[in-house]
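Presented below is the structure to which this report refers.
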Amino acid sequence: MTVESTAARKTTRRSSGAKRTASASVKKGQGAEPELVQLLTPEGERVQHPDYDIDLSADELRGLYRDMVLTRRFDSEATALQRQGELGLWASLLGQEAAQIGSGRALRDDDYVFPTYREHGVAWCRGVDPTNLLGMFRGVNHGGWDPNTNNFHLYTIVIGSQTLHATGYAMGVAKDGADSAVIAYFGDGASSQGDVAESFTFSAVYNAPVVFFCQNNQWAISEPTERQTRVPLYQRAQGYGFPGVRVDGNDVLACLAVTRSALERARRGEGPTLVEAFTYRMGAHTTSDDPTKYRADEEREAWEAKDPILRLKAYLEKAGHADAAFFEELETESETLGKRVREAVRAMPDPDHMAIFENVYADGHALVDEERAQFAAYQASFADSGAEEGK
Amino acid sequence: MTVESTAARKTTRRSSGAKRTASASVKKGQGAEPELVQLLTPEGERVQHPDYDIDLSADELRGLYRDMVLTRRFDSEATALQRQGELGLWASLLGQEAAQIGSGRALRDDDYVFPTYREHGVAWCRGVDPTNLLGMFRGVNHGGWDPNTNNFHLYTIVIGSQTLHATGYAMGVAKDGADSAVIAYFGDGASSQGDVAESFTFSAVYNAPVVFFCQNNQWAISEPTERQTRVPLYQRAQGYGFPGVRVDGNDVLACLAVTRSALERARRGEGPTLVEAFTYRMGAHTTSDDPTKYRADEEREAWEAKDPILRLKAYLEKAGHADAAFFEELETESETLGKRVREAVRAMPDPDHMAIFENVYADGHALVDEERAQFAAYQASFADSGAEEGK
Amino acid sequence: MAVQKLPLAKALNESLRKALETDPKVLIMGEDVGKLGGVFRVTDGLQKDFGEDRVIDTPLAESGIVGTAIGLALRGYRPVVEIQFDGFVFPAYDQIVTQLAKMHARALGKIKLPVVVRIPYGGGIGAVEHHSESPEALFAHVAGLKVVSPSNSSDAYWMLQQAIQSDDPVIFFEPKRRYWDKGEVDTEAIPGELHKARVTRQGTDLTLAAYGPMVKVCLEAAAAAQEEGKSVEVLDLRSMSPIDFDAIQTSVEKTRRLVVVHEAPVFYGSGAEIAARITERCFYHLEAPVLRVGGYHAPYPPARLEEEYLPGLDRVLDAVDRSLAY
Amino acid sequence: MAVQKLPLAKALNESLRKALETDPKVLIMGEDVGKLGGVFRVTDGLQKDFGEDRVIDTPLAESGIVGTAIGLALRGYRPVVEIQFDGFVFPAYDQIVTQLAKMHARALGKIKLPVVVRIPYGGGIGAVEHHSESPEALFAHVAGLKVVSPSNSSDAYWMLQQAIQSDDPVIFFEPKRRYWDKGEVDTEAIPGELHKARVTRQGTDLTLAAYGPMVKVCLEAAAAAQEEGKSVEVLDLRSMSPIDFDAIQTSVEKTRRLVVVHEAPVFYGSGAEIAARITERCFYHLEAPVLRVGGYHAPYPPARLEEEYLPGLDRVLDAVDRSLAY
Ligand SMILES: Cc1ncc(C[n+]2csc(CCOP(=O)(O)OP(=O)(O)O)c2C)c(N)n1
Ligand SMILES: Cc1ncc(C[n+]2csc(CCOP(=O)(O)OP(=O)(O)O)c2C)c(N)n1
Ligand SMILES: [Mg+2]
Ligand SMILES: [Mg+2]
């Protein structure tokens with residue numbers, strides 16, 4: 001069964017809410033859905049696609065595999081750290097490794113990334129130290145890295161906002177006459193936000209070099225994608241005047257190929273592209289979420305058979321691109337990464353209290369100065385008087 | 001030259017702003033633009049369309065003509081009243097009569113209309129007293145009619161907002177199990193607002209019985225439609241999963257037929273439709289605007305040849321559906337309307353000062369009561385002390 | 001049984017259930033309010049019992065949620081909308097401020113907008129950015145809206161009933177860190193008026209005025225002050241628009257000292273309005289300026305700093321001392 | 001020539017021109033700012049001289065305008081965004097409050113957001129709904145934003161220069177009914193600091209504090225009061241965030257009486273913050289409570305009522321009298 005047909009079934013099963021019978025009134029002929037772009041079947045067979053192909057060395061293929069494995073390892077470590085109370089929250093990317101590594105590895109260094117809060121795999125590709133990603137989930141900061149060091153913007157929590165920042169950034173790239181591209185990540189839920197629609201409009205009108213990369217993991221917390229759209233999301237682009245393409249989001253090769261092609265299109269000055277990576281959120285929305293309240297285990301199980309990592313592993317093995325030693329070494333490397341992250345998080349200090357007043361403004365603000373001084377004096381009063389007991 | 005090809009030329013001429021060359025990269029094949037729906041040529045020839053037809057009696061045709069003429073008369077009276085200082089502002093519908101009368105006459109009494117600030121022709125069709133429309137432009141109120149009397153909502157000035165109200169209202173209609181429909185008017189400029197996109201999403205997901213009627217009059221104040229989109233606006237609908245159609249907005253018959261069909265679709269429970277009425281704002285944006293700053297006279301002149309009223313008149317005459325007496329009578333009726341409106345506006349009293357404090361809340365609010373009392377006392381103090389001179 | 005001990009979130013749930021039962025026009029709308037029952041479970045079980053037609057999972061678009069709720073209200077429904085967290089109300093701000101608040105006046109009273117916007121607000125739960133804010137002043141400044149916040153289970157139950165019954169739009173701020181606090185709810189009691197404050201603790205030396213999550217802190221502060229021989233009165237304001245200035249004035253005329261406490265930043269916060277108006281009303285009674293304890297003029301900080309950012313017992317007591325020192 | 005007599009709108013135009021000339025990173029963005037030169041002609045001629053790449057007509061979507069301006073700022077540009085009228089800033093409110101205001105802090109200072117949002121505000125021009133509002137408090141409450149408003153041509157020129165040079169986001173409120181008032185602009189002067197208030201008229205009996213369009217009204221009121229033998233000092237606050245409390249305090253310590261005047265509704269308005277803080281700072285100096293004159297708690301009324309709604313000479317003088325009567 002293809003990914004596509006599962007989705008179609010699901011739409012039928014879930015659609016409800018409107019009292020009148022919705023007849024299949026959308027003219028299917030007009031924008032007939034092209035096939036899902038796939039280069040690697042769930043069984044790990046390499047297949048061809050007329051528009052997208054890719055030729056990777058064994059080294060590169062192993063590299064993609066390594067990225068996915070280490071990303072997953074980091075992710076599961078973070079989930080564990082949340083359970084242990086080291087993090088307040090964690091948003092797992094489990095199941096979305098191919099979408100993130102495939103798209104992330106399509107980028108050039110000078111490209112710029114605007115993530116949501118779940119792009120740990122893309123961050124990995126950009127060279128952001130994984131530990132840095134944990135700061136906000138631990139509650140020591142709202143974003144612990146310098147976006148310009150790796151051209152990887154801070155995580156954005158307000159759904160959809162960053163797509164406009166990406167568009168503006170891309171407008172700036174075009175103004176500079178540079179041939180870099182920009183990529184904006186967002187989810188299926190985010191597709192409903194007005195800001196995302198406005199980013200489509202602005203990017204089309206200004207022909208901005210931006211790729212909109214939608215990870216349709218089929219859930220927005222408890223809501224299935226049918227609560228956001230009644231047609232596949234990639235089709236949205238066409239009505240704004242730029243191409244949309246749906247790629248198998250659990251196929252790292254296809255994600256790489258499709259994203260690379262979209263980025264090149266942007267570099268050539270042909271404007272935006274929408275990529276819908278059709279994937280699945282295998283875990284909970286975040287560690288605060290309980291998916292048993294709203295979705296059946298079978299659905300998840302069906303998707304496990306399409307696991308992006310197992311898929312590439314099967315191919316690597318069949319094609320003889322990787323041997324047991326490689327997998328063993330990677331296992332060790334994973335453990336080392338897990339350990340490093342664990343230790344780094346535990347060693348992560350709480351911020352100084354005075355940090356509340358830092359960076360509110362770049363050029364200062366009289367009230368902040370006043371409040372900072374009052375706060376310092378107030379804190380000092382405890383030190384002086386030993387009033388701590390009163391707490 | 002067809003309306004369509006004018007638009008295409010215009011797009012080429014005006015498009016600019018992006019530094020890189022925009023290649024024609026949007027796959028034209030995918031959603032190839034169907035013909036503009038037209039039932040009456042600019043010369044007044046009646047033509048057929050495979051999907052839309054309409055059979056109107058001579059009486060009905062004369063009725064449409066009358067509606068357009070009286071609407072235009074009312075509109076020009078309002079413009080004159082603004083020049084005379086009786087109104088603070090006027091937003092003329094000049095040139096858009098066919099779009100408004102055609103769509104307005106497609107409605108049933110139980111349908112509900114959400115207008116922008118320019119739907120004077122639709123208001124006319126709904127039976128709203130034209131004088132009532134002038135209150136807000138005179139500055140005596142923000143909307144002078146009871147929306148439920150004629151199922152015609154108040155004018156909405158914040159661009160795009162009303163499309164969501166229409167969608168919610170339509171969701172309610174569906175919940176009630178009624179077979180009424182809702183129509184939301186908006187402009188080409190409004191198409192860029194996030195709210196409009198969200199209304200597409202909500203109406204599609206809930207399959208709401210709403211028709212989105214976009215009057216693309218090709219200008220949003222000084223900005224041509226190319227500042228809002230690089231493909232025709234009707235195509236936007238498809239990406240949200242419902243049909244879009246472009247109709248000749250200066251052809252009252254086509255506007256009636258297409259809107260009627262969309263409304264029927266809504267009644268049948270098949271959900272939303274986007275109608276793009278391709279028309280032209282023949283006057284200024286409002287009486288405050290000076291279009292000579294940003295557009296060439298020739299453009300307007302070209303569109304005068306497509307005048308919606310002349311077009312229907314030519315047809316009525318050719319087909320022998322109306323005689324000289326009809327036109328003469330209508331002339332007299334027009335003058336009477338103009339006079340009635342003029343007199344009514346001049347007689348329109350200023351609101352009582354205390355109205356500031358009325359209807360802020362339905363259930364009252366202690367502060368409003370307090371401020372009302374203070375204000376009354378303050379006003380009274382002038383009466384008492386003769387302090388008026390101090391003013 | 002009419003009297004039950006319920007966590008505040010459960011009291012809200014019972015209140016919504018009651019409203020759905022009583023009035024077929026009441027609808028619940030929001031993100032994840034259906035099967036999941038909301039991220040705080042305030043709507044738990046309601047979709048199961050009242051169906052998808054009345055408890056509606058919406059697309060992820062707050063402007064759309066409020067905008068369609070307005071349309072539904074125009075059609076005669078009474079939508080109760082949930083905004084998932086305080087920081088996510090802003091995409092809906094335009095619909096709330098320019099449409100929801102003004103449409104009744106725009107129509108010269110001919111249409112009514114009985115929409116309730118429920119917003120879990122405030123900090124203290126160790127959350128990430130945008131999940132701990134207190135934006136009530138941004139709504140209270142806007143004419144046409146009513147703004148309220150319960151501090152306990154009983155008020156949660158009753159004030160939500162009253163908000164839903166109100167023909168005006170009500171922004172209903174729920175003190176999320178008190179969701180799990182239990183309190184008695186008498187579902188057959190006769191509730192106080194929605195916009196009236198309540199004296200929660202009597203006192204003679206100073207008045208503490210607060211609402212929502214800070215009422216509990218003020219009660220604790222009053223108890224602590226008592227041990228030092230200071231008699232502190234605590235007023236639960238319950239409503240931020242309108243504000244029950246009469247009740248504050250009555251209290252201040254007795255105690256002659258007022259400290260206002262809220263989580264929201266002090267600068268341009270509700271404490272400013274209260275201080276300004278009460279100073280005008282009680283100019284000759286006040287022995288000390290009205291003092292304000294609240295958030296700093298800084299974005300809500302990361303969780304590990306929130307204890308320092310939020311007004312706690314010590315900061316309230318410090319303000320009490322400063323006021324009494326005048 | 002360095003000194004010119006210019007209408008306020010033209011002073012802004014000159015200021016933008018200067019900024020475009022001086023810094024190639026400065027961009028102008030908004031609806032109709034190009035060929036039309038803005039509905040108030042503040043950007044008149046700029047697209048012609050600096051091209052479509054620097055003076056950019058945007059799609060009709062305020063969230064998109066501010067959101068893309070943020071992205072451009074991240075890329076190193078300094079966008080100056082125009083919101084066409086006060087009432088149309090709300091679709092952009094989410095981007096302003098959750099992104100523009102907080103991103104610098106979110107990034108621990110590693111990125112800067114030098115974005116100016118110009119908003120023509122206030123009433124008195126006989127306009128339709130949403131065209132006459134004064135929403136400054138809704139921005140000043142939000143940490144991370146700076147909020148200013150010039151009252152005259154010289155300040156218009158210089159404050160806009162300073163706002164553009166600032167590395168912080170600045171919400172720049174332009175008193176639209178003063179656009180046509182002429183005043184001297186010395187383009188070679190050394191301007192005062194952006195966030196400092198200015199004593200516009202000296203006095204000893206009472207202080208009137210205002211900003212933007214109300215400064216003129218206060219000056220007229222002071223002149224009228226003078227004729228009755230009352231010496232009124234007028235402070236032009238110029239900045240609503242931060243507020244120059246030191247300057248107000250200095251004045252009030254001298255005059256012992258303060259009246260704050262603004263067009264925005266009084267309830268939760270900037271006058272509240274000023275009253276609260278000045279009462280705290282000057283508790284023993286004030287002979288009367290700080291009084292506030294401003295809009296009522298009602299939507300901005302139709303044009304034919306705005307004279308009654310807006311604070312005018314009489315209402316200011318009435319407050320002066322009431323204050324002096326204490
Ligand atoms: C404006 C806004 N509204 C609501 C939320 C709460 N929220 C956080 S994640 C989420 C679902 C997002 O779904 P999707 O876009 O599909 O991304 P995913 O989490 O599946 O990666 C919601 C509703 C938010 N963060 N921002
Ligand atoms: C949110 C918002 N932004 C800006 C404006 C100012 N404005 C009024 S009409 C208009 C242009 C509207 O163009 P369009 O949607 O094409 O409608 P038309 O006026 O052509 O009928 C603008 C920008 C507004 N009313 N609301
Ligand atoms: Mg998702
Ligand atoms: Mg238009």
Side-chain angles (χ1 to χ4, degrees), chain B residues 112 114 135-136 141-149 153-158 160-176 178 182 184 193-195 197-206 208 210 351 355-356 358-370, chain C residues 25 27 29 53-54 56-77 79 91 94-95 97-99 101-114 143-146 165-170 194-196 239 241-246 273 277:
Chain B
Y112 211 98
F114 286 85
M136 64 174 274
N141 58 44
H142 292 317
W145 58 93
D146 181 342
N148 292 320
T149 305
H153 192 67
L154 297 173
Y155 280 177
T156 296
I157 291 179
V158 178
S161 312
Q162 76 281 0
T163 59
L164 281 169
H165 310 155
T167 301
Y169 194 96
M171 287 163 60
V173 168
K175 270 182 209 306
D176 293 344
V182 177
Q193 281 287 7
D195 272 8
E198 293 187 13
S199 72
F200 289 178
T201 288
F202 276 69
S203 61
V205 163
Y206 297 117
V210 57
I356 291 173
E358 298 314 311
N359 301 311
V360 183
Y361 294 90
D363 293 345
H365 187 283
L367 179 62
V368 176
D369 295 341
E370 188 180 325
Chain C
K25 291 296 184 188
L27 304 174
M29 301 170 65
D53 235 30
R54 302 200 53 207
I56 306 167
D57 272 333
T58 63
L60 207 176
E62 286 77 7
S63 189
I65 296 171
V66 173
T68 56
I70 290 171
L72 281 157
L74 293 174
R75 179 73 190 181
Y77 287 88
D94 175 55
Q95 282 286 347
V97 167
T98 72
Q99 305 302 315
K102 296 185 173 57
M103 207 179 277
H104 176 69
R106 186 180 299 150
L108 301 175
K110 276 155 199 152
I111 50 183
K112 289 175 182 168
L113 275 300
L145 303 176
K146 289 175 172 171
Q165 279 154 24
S166 167
D167 277 337
D168 289 310
V170 179
L194 180 56
H195 301 290
K196 290 270 178 264
S239 178
S241 176
I243 295 174
D244 187 353
F245 291 113
D246 291 345
E273 180 57 39
R277 209 164 292 248

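Throughout, a chain's letter reflects where its sequence line sits, starting with A, and its residues are numbered from 1.
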Give the minimum heavy-atom separation between C:Tyr77 and B:Lys175, together with the two atoms involved. OH-CB, 3.3 Å
Can you give me the closest heavy-atom contact between C:Arg106 and B:Tyr155, atom names plus distance? CD-O, 4.2 Å
Contact class of B:Ser203 relative to chain C, heavy atoms under 4.5 angstrom: neither
When B:His165, B:His142, B:His153 are compared by non-hydrogen pairs under 4.5 Å with chain C, the top option: B:His165
Side chain, backbone, both or neither of C:Leu145 within contact of chain B (heavy atoms, under 4.5 Å): backbone
A side-chain contact here means heavy atoms from C-beta on lying under 4.5 Å apart; do C:Arg277 and B:Glu370 qualify? yes
Heavy atoms only: give me the nearest B:Tyr361-C:Gly144 pair and the separation to one decimal. OH-N, 3.0 Å
Indicate the atoms forming the closest heavy-atom contact of C:Asp57 with B:Tyr206, along with that distance. O-OH, 2.7 Å
If I measure from the heavy atoms of chain C, does B:Ala166 come under 4.5 Å with its side chain, its backbone, both, or neither? neither
Pair count under 4.5 Å, heavy atoms only, with chain C: among B:Glu358, B:Met171, B:Gln162, highest is B:Met171
Work out which heavy atom in B:Phe202 is nearest to a heavy atom in C:Thr58; give both atom names and the distance. CE2-CB, 4.0 Å
If you draw a 6.0 Å radius around NZ in C:Lys25, do more than 12 non-hydrogen atoms from other residues or ligands fall strictly inside? yes
So, does B:Asn359 use its side chain to make a donor-acceptor pair with the main chain of C:His104 at under 3.5 Å? no
Measure distances from B:Ser199 to the heavy atoms of chain C and classify the residue's part below 4.5 Å as side chain, backbone, both or neither. neither
As an exercise: rank B:Val360, B:Asp146, B:Asp363 by heavy-atom pairs under 4.5 Å with chain C and give me the winner. B:Asp363
At a 4.5 Å cut-off on heavy atoms, which part of C:Ile111 comes close to chain B: side chain, backbone, both, or neither? side chain
Side chain / backbone / both / neither for C:Lys102 at chain B, heavy atoms under 4.5 Å: neither
Below 4.5 Å from any heavy atom of chain B, which atoms of C:Ala69 appear? Answer side chain, backbone, both or neither. neither
Applying a strict 4.5 Å limit to non-hydrogen atoms, the region of C:Asp94 in contact with chain B is side chain
